[in-house]
J.: 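Let me begin by handing over the structure; questions about it come next.
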Amino acid sequence: MDRQQTPISAATARVQRAKWHAFALPMILLAALASCSGTRKIMDPVVKIRTEGGSELGVSTEHGVVFLGTTAERGEVEVEAYFGDGPSIESSVIEPVGGGLFTAEMDIKLQRVPLSFTEPRDGETLEIMGRKGNSRWTVLTRVRTDPRVLGLLLEIPSGFPDDPDQVGAGVYRKKSKFDRELVGLVTGKIQLERRGALRKYLTVAGPTVMWRFAAHRRDHMRRKPFVYREDIL
């Protein structure tokens, strides 16, 4: 014989629903926060710098936008940043940092990457990331050292674009799948004789130079608030 179920009163049902909502709401909020946190890590800090002299690449960091100023060292600049729905072009003015680095202050908040001041070791694998048109490219490379060169050298990997407008591409140390830190910017190429053969390498403005940028933006915590715009989520 089946056991007869005891009917639940309307008041009891309301209490149970209230308990469920009290439990479910924090869980939903936690899930949303976790989702947002993951989205922030999947960032694209590559920016394109446009001046009257042409275009080059730069990187949006926690201290602001940094680039090499190969197309212009002063005057107006357009910074093309990339969001989920496409590019956004922001106008600014070039500001010299020192050590061959330049910056431009942004009115809006861009996706950012932290800086690394740890000098890469010989043979370490790093990632180079840039942009051709609206498409981002990434390649892996190895660090090489040479006593004749003061600075960071990288092997030229297969797939690295041989275009002048890709100067300034960021060099990163990957800490996890979606987490990376900026080590430096590609400045050009150099040819060296090693073991009886001529070899070409990428030259990089690394931590020995990038610290100037961080020191220059020591006022970044006191900067004016970013502007909110409906076209930028």
J.: Might you point out which heavy atoms bring V47 and S60 nearest each other, and give the distance in Å?
T.: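 Closest heavy-atom pair between V47 and S60: CG1-CB, 4.3 Å.
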J.: With sequence neighbours excluded, tell me which residues meet side-chain hydrogen bond (donor to acceptor under 3.5 Å, both in side chains) with R148.
T.: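 Partners of R148 by the side-chain hydrogen bond (donor to acceptor under 3.5 Å, both in side chains) criterion, ordered by chain and then number, come out as D146.
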J.: Which residue pairs pass the salt bridge (Lys or Arg N to Asp or Glu O under 4.0 Å) test when at least one of the two sits in residues 152-163, sequence neighbours left out?
T.: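 Residue pairs passing salt bridge (Lys or Arg N to Asp or Glu O under 4.0 Å), neighbours aside: K132-D163, R144-E155, D162-K189.
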J.: Return yes if some donor-acceptor pair links the side-chain N/O of S88 with the main-chain N/O of A81 below 3.5 Å, else return no.
T.: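 No, because the side chain of S88 does not come within donor-acceptor range (under 3.5 Å) of the backbone of A81.
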J.: With a 4.0 Å cut-off on N to O distance, would you call E124 and R142 a salt bridge?
T.: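 Salt bridge flag = no for R142 with E124.
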J.: Using a side-chain heavy atom cutoff under 4.5 Å and only I, L, V, M, F, W and Y, what cluster partners does V93 have?
T.: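 None; V93 is a cluster of one.
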J.: Check N134 against P87 and note the closest heavy-atom contact, atom names and distance.
T.: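 The answer is OD1-CG, 4.2 Å.
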J.: Of all the heavy-atom pairs spanning H216 and P96, show the shortest one and how long it is.
T.: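 Minimum heavy-atom separation between H216 and P96: CE1-O, 3.7 Å.
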J.: Ignoring hydrogens, what is the shortest heavy-atom contact between K48 and S55? Give both atom names and the distance.
T.: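 Shortest heavy-atom contact: CG-CB, 4.4 Å.
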J.: Just jot down the side chain to side chain contact (heavy atoms under 4.5 Å, CB included) partners of T118, sequence neighbours excluded, or say none.
T.: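 With neighbours one apart ignored, the set is S116, R173.
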J.: Does the side chain of V66 reach to within under 4.5 Å of the side chain of T103, using non-hydrogen atoms?
T.: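 The answer is no, as the side chains (C-beta and beyond) never meet within the 4.5 Å cut-off.
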J.: Please identify each residue that fulfils side chain to side chain contact (heavy atoms under 4.5 Å, CB included) with Q191, with sequence neighbours left out.
T.: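 Partners of Q191 under the side chain to side chain contact (heavy atoms under 4.5 Å, CB included) test: L198, K200.
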J.: Let me confirm one number: the CZ-NE2 distance from F213 to H63, rounded to the nearest 0.5 Å.
T.: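 Going from CZ on F213 over to NE2 on H63, the span is 7.5 Å.
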J.: Listed by chain and number, what are the side chain to side chain contact (heavy atoms under 4.5 Å, CB included) partners of T51, not counting sequence neighbours?
T.: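 Side chain to side chain contact (heavy atoms under 4.5 Å, CB included) list for T51, sorted by chain: I49, T71, A72, V77, I94.
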J.: Contact between F102 and E95 at the side-chain level, heavy atoms closer than 4.5 Å - yes or no?
T.: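 Result no, sub-4.5 Å side-chain heavy-atom pair not found.
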J.: Looking only at heavy atoms, what is the nearest atom pair of M106 and L110, with distance?
T.: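 In this case the closest contact between M106 and L110 is CG-CD1, 3.8 Å.
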J.: Which atom names give the shortest non-hydrogen contact between P161 and Q166, and what distance separates them?
T.: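 Reported closest heavy-atom pair: CB-CG, 3.8 Å.
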J.: Assigning hydrophobic clusters by single linkage (Ile, Leu, Val, Met, Phe, Trp, Tyr; side-chain heavy-atom cutoff under 4.5 Å), is L182 placed with L140?
T.: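 No, because L182 and L140 fall into different hydrophobic clusters, even though each may have its own neighbours under 4.5 Å.
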J.: Does the E56 side chain pair with the main chain of V167, one donor and one acceptor, at a distance under 3.5 Å?
T.: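 Absent.
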J.: Roughly how far, to the nearest 0.5 Å, is NZ of K174 from CD of E181?
T.: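 The distance works out to 12.5 Å.
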J.: Heavy atoms, side chains only, cut-off 4.5 Å: are E119 and T208 in contact?
T.: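 Sidechains of T208 and E119: in contact.
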J.: I'd like to check the salt bridge (charged side-chain N to carboxylate O under 4.0 Å, His left out) partners of R195; sequence neighbours left out, ordered by chain and number.
T.: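 Expected list: none.
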J.: Verify whether one side chain among S92 and E90 offers a donor that lies under 3.5 Å from an acceptor in the other.
T.: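 Note: S92 and E90 side chains miss the donor-acceptor criterion.
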J.: side-chain hydrogen bond (donor to acceptor under 3.5 Å, both in side chains) with E127: which residues, sequence neighbours excluded?
T.: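 With sequence neighbours excluded, E127 shows a side-chain hydrogen bond (donor to acceptor under 3.5 Å, both in side chains) to R180, given in chain and number order.
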J.: Among pairs that include at least one residue of residues 107-133, which meet ring pair (Phe, Tyr, Trp, His ring centres under 6.0 Å), considering only residues two or more places apart or in two chains?
T.: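 Qualifying pairs, neighbours excluded: none.
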J.: I would like to know whether E78 and S91 meet side-chain hydrogen bond (donor to acceptor under 3.5 Å, both in side chains); could you show each step before the answer?
T.: CA-CA 5 Å; E78 289 185 340; S91 298; 4.5 Å; no
J.: Cluster partners of V186, using ILVMFWY side-chain heavy atoms under 4.5 angstrom, listed by chain and number?
T.: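 L126, I128, W137, V139, V143, L152, L154, I156, F160, V171, V183, L202, V204, listed by chain and number.
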J.: Can you confirm whether L101 sits close enough to V209 that some side-chain heavy atom of one is under 4.5 Å from a side-chain heavy atom of the other?
T.: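 In short, these two side chains touch, coming nearer than 4.5 Å.
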J.: Should I89 and E80 count as side-chain neighbours, where that means a heavy-atom distance under 4.5 Å?
T.: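 SC-SC contact between I89 and E80 confirmed.
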J.: What residues join Y82 in its hydrophobic cluster, counting side-chain heavy atom gaps under 4.5 Å, either direct or through other members?
T.: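 Joined to Y82, directly or through intermediates: none.
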J.: Who pairs with I190 by side chain to side chain contact (heavy atoms under 4.5 Å, CB included), at least two apart in sequence or on another chain?
T.: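 For I190, the residues satisfying side chain to side chain contact (heavy atoms under 4.5 Å, CB included) (neighbours in sequence not counted) are V149, L153, L192, Y201, T203.
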